[in-house]
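Here is the structure we will look at.
Remember, it's a predicted structure, so these values are computed and weren't measured experimentally. Each ligand, and each atom within it, is numbered from 1 in the order the structure gives.
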Amino acid sequence: MKLTVLPEEFRRALPVMEEIEKEGFEAYFVGGSVRDVLLGQPIHDVDIATSAFPAEIKAIFSRTVDIGIEHGTVLVLFGDDQYEITTFRTESTYQDFRRPDQVSFVRSLAEDLKRRDFTINAFAVQDDGEVIDLFGGLKDLEQHVLRAVGNPHERFHEDALRMMRGLRFVSQLGFSFDDETFAAILENHSLLEKISVERIFIEFTKLLLGGHRNEAIRQFVATKCYRYCPGMENAKDGLTAFAQLVPTPFTKEEAAWSVLLDHLEIPTEKVTTFLKAWKVSNDFLRECRELVWGLRQRKMGYYTPMALYRLGERALTVETLLTYYGRPGEAGRTALALAQLPIRSLRQLAVNGNDLKQQFNQKAGPWLKDTLRYLEQGVVESRFVNDGPILLAEAEKFLKQDAE
Ligand code: ATP
Ligand code: MG
């Protein structure tokens with residue numbers, strides 16, 4: 001099969017291919033971008049595979065960056081564009097079901113394509129648009145089938161992450177596993193234990209954001225892969241419920257994870273521990289914890305002023321999350337309620353810690369924080385006007401009553 005029209009991104013890269021070929025080497029477009037072109041989908045990164053060794057690529061191009069030379073990848077800067085150019089390689093010596101500890105560079109395209117995960121990811125495209133399809137990927141693409149290249153059992157043994165990659169392609173593409181591939185995942189699911197959580201997180205998050213999330217989650221359960229993901233050992237029921245949500249795709253990672261955490265019935269105070277096991281950033285963790293908290297508040301009824309004050313703009317996100325539960329979010333009402341809060345942060349309170357220390361002639365201590373909190377809540381709940389003298393008078397009453 002031949003691509004009659006190359007996408008713009010490929011056309012721009014043709015001069016790079018020509019440079020390599022001029023030196024007597026082969027060069028092809030490979031990987032996800034070829035799959036996406038054949039599916040008529042937009043492409044993000046153009047990967048080029050070549051028979052030239054990294055040192056040979058560096059000799060051809062004047063501007064290169066070593067971004068993964070041990071894996072054979074050189075970044076070539078060409079005009080305003082940049083391309084990852086990777087030497088054909090095999091990954092022969094796999095130990096303990098993870099990435100290969102050694103890659104060998106080879107001169108044969110077929111060897112390179114053989115080590116790729118799924119038939120639909122194992123195409124190569126020549127500069128004239130000819131599609132090289134050694135494993136029946138075109139037919140699988142047409143029939144929406146995800147099939148491991150070669151013996152699926154061996155492939156998942158070599159690198160167990162491929163099982164999670166397969167599940168995320170189910171979600172992104174809406175394809176189904178062929179029977180043998182499915183059976184091999186089911187059989188080998190426990191090998192996921194060997195894979196770093198960071199790598200699983202990336203694939204699982206892509207799964208959560210995919211357009212066919214519900215089906216992918218069902219497959220995640222059916223293949224038992226969930227059992228080897230942190231904190232999900234007993235998550236079957238929660239995941240099954242999650243797979244019944246309104247199928248609209250999530251647009252933000254934190255949103256997807258928060259709705260998931262809610263379904264897994266992770267208590268709000270345990271969200272941090274749960275996500276720490278997934279090694280996410282502190283910002284990610286905080287965002288999810290607040291969204292889960294807000295979601296649960298909101299499911300019980302409309303926000304109290306203090307809940308709105310705590311959530312701030314996140315309350316608007318919570319409203320969109322509700323729509324996944326089949327509830328209409330109240331974005332307009334919430335935007336208005338936020339705008340009507342007397343203050344949005346402690347900084348807007350008419351008195352600060354220094355004012356209180358001066359007024360009551362006392363050093364800082366727990367009393368100060370307690371008093372500020374008391375005033376803050378009073379203002380947020382519109383019991384006190386946010387005005388200096390009024391708040392100082394309220395503080396005095398509070399401290400007196402506290403002393404009694
Ligand atoms: P995306 O569109 O999300 O980038 P992709 O298929 O391009 O998806 P990449 O991680 O960019 O995924 O990998 C590029 C290519 O490298 C894949 O298409 C596949 O051929 C190969 N590949 C990536 N990871 C693996 C793996 N774990 N095992 C075998 N082949 C892999
Ligand atoms: Mg890619």
Side-chain angles (χ1 to χ4, degrees), residues 7 9-10 13 28-50 67-68 71-73 75 82-94 96-104 109-125 131-138 140-141 146-175 181 184-185 188 191-192 194-196 198-212 216 225 249 253:
E9 293 89 340
F10 283 7
Y28 302 89
F29 297 112
V30 291
S33 61
V34 176
R35 174 198 68 225
D36 292 339
V37 167
L38 291 168
L39 285 169
Q41 288 180 1
I43 54 184
H44 30 121
D45 40 22
V46 173
D47 293 320
I48 294 172
T50 180
I67 51 165
H71 299 113
T73 306
L75 187 74
Q82 50 186 48
Y83 299 98
E84 284 191 16
I85 302 190
T86 305
T87 304
F88 296 155
R89 60 186 205 205
T90 59
E91 299 171 349
S92 40
T93 48
Y94 287 88
D96 60 16
F97 322 106
R98 289 189 242 164
R99 279 179 183 166
D101 17 54
Q102 217 186 321
V103 302
S104 322
L109 171 69
E111 283 298 313
D112 182 88
L113 296 180
K114 243 165 56 182
R115 58 124 186 136
R116 293 176 183 269
D117 49 4
F118 296 98
T119 60
I120 60 161
N121 287 342
F123 300 112
V125 170
V131 179
I132 297 168
D133 172 24
L134 304 182
F135 311 104
L138 286 170
D140 288 339
L141 212 51
L146 274 168
R147 185 193 312 274
V149 171
N151 178 328
H153 187 80
E154 284 172 14
R155 307 319 307 285
F156 298 131
H157 250 256
E158 286 165 1
D159 182 359
L161 185 75
R162 290 173 184 155
M163 300 188 282
M164 288 305 294
R165 282 178 54 86
L167 290 162
R168 76 110 149 156
F169 289 122
V170 169
S171 183
Q172 290 179 326
L173 306 175
F175 284 21
T181 302
I185 298 179
N188 291 296
L191 296 180
L192 274 181
K194 315 280 181 185
I195 301 295
S196 76
E198 291 93 333
R199 293 178 80 207
I200 297 181
F201 178 84
I202 292 171
E203 298 302 331
F204 187 62
T205 302
K206 286 185 179 175
L207 182 163
L208 290 179
L209 296 190
H212 304 265
C225 284
E253 298 182 1

>> Checking Ser171 now: which residues fulfil side chain to side chain contact (heavy atoms under 4.5 Å, CB included) with it, not counting sequence neighbours?
In response: Leu207, Arg213, Ala216

> Polar-atom distance check: Arg116 versus ligand 1, any N or O pair below 3.5 Å?
Replying inline: yes

> Is any N or O atom of Gln172, backbone or side chain, closer than 3.5 Å to an N or O atom of ligand 1?
Replying inline: no

>> I need the minimum non-hydrogen distance between Gly137 and Ile120, along with the two atoms involved.
In response: O-CG2, 3.9 Å

>> For the backbone of Glu154 and the side chain of Asn151, can you confirm whether one donor and one acceptor N or O come within less than 3.5 Å of each other?
In response: yes

> Looking only at heavy atoms, what is the nearest atom pair of Leu192 and Ala160, with distance?
Replying inline: CD2-O, 3.6 Å

>> Suppose we screen for side chain to side chain contact (heavy atoms under 4.5 Å, CB included). Which residues come up paired with Asn121, at least two apart in sequence or across chains?
In response: Arg35, Asp117, Phe118, Arg165, Phe169

>> Does only the side chain of Arg168 get under 4.0 Å from ligand 1, or the backbone, or both, or neither? Count heavy atoms.
In response: side chain

> Closer than 4.0 angstrom: is that true for some heavy atom of Phe118 and an atom of ligand 1?
Replying inline: no

> Counting heavy atoms only, which part of Phe123 comes closer than 4.0 Å to ligand 1: side chain, backbone, both or neither?
Replying inline: neither

>> Polar contacts were defined as any N/O atom of the residue lying under 3.5 Å from an N/O atom of the ligand; does this apply to Asp159 and ligand 1?
In response: yes

> For ligand 1, is Arg115 a contact, meaning one of its heavy atoms is under 4.0 Å away?
Replying inline: yes

>> Taking distance alone, with N or O pairs closer than 3.5 Å, would you say Ser33 contacts ligand 1?
In response: no

>> Can you tell me which residue among Asp140, Thr181, Thr119 is in a side-chain hydrogen bond (donor to acceptor under 3.5 Å, both in side chains) with Arg147?
In response: Asp140

> Which heavy atom of Phe88 sits nearest a heavy atom of Asp112, and at what distance?
Replying inline: CA-OD1, 3.3 Å

>> Using a 3.5 Å cut-off on N or O atoms only, is Gly32 in polar contact with ligand 1?
In response: yes

>> So if I count the atoms of ligand 1 from 1 in the order they appear, which ones are less than 4.0 Å from some heavy atom of Lys206?
In response: 3 (O)

> What heavy-atom pair brings Met164 and Cys225 nearest, and what distance separates the two atoms?
Replying inline: SD-CB, 4.5 Å

> Below 3.5 angstrom, do we get any N/O pair linking Arg199 and ligand 1?
Replying inline: no

> Which of the atoms of ligand 1 are close to Phe169, meaning less than 4.0 Å from one of its heavy atoms?
Replying inline: 6 (O)

> Which residue from Asp47, Asp45, Asn121, Val149 reaches closest to atom 20 (O) of ligand 1 through any of its heavy atoms?
Replying inline: Asn121

> What is the minimum heavy-atom distance between Val46 and Glu9, and which atoms define it?
Replying inline: CG2-CB, 3.8 Å

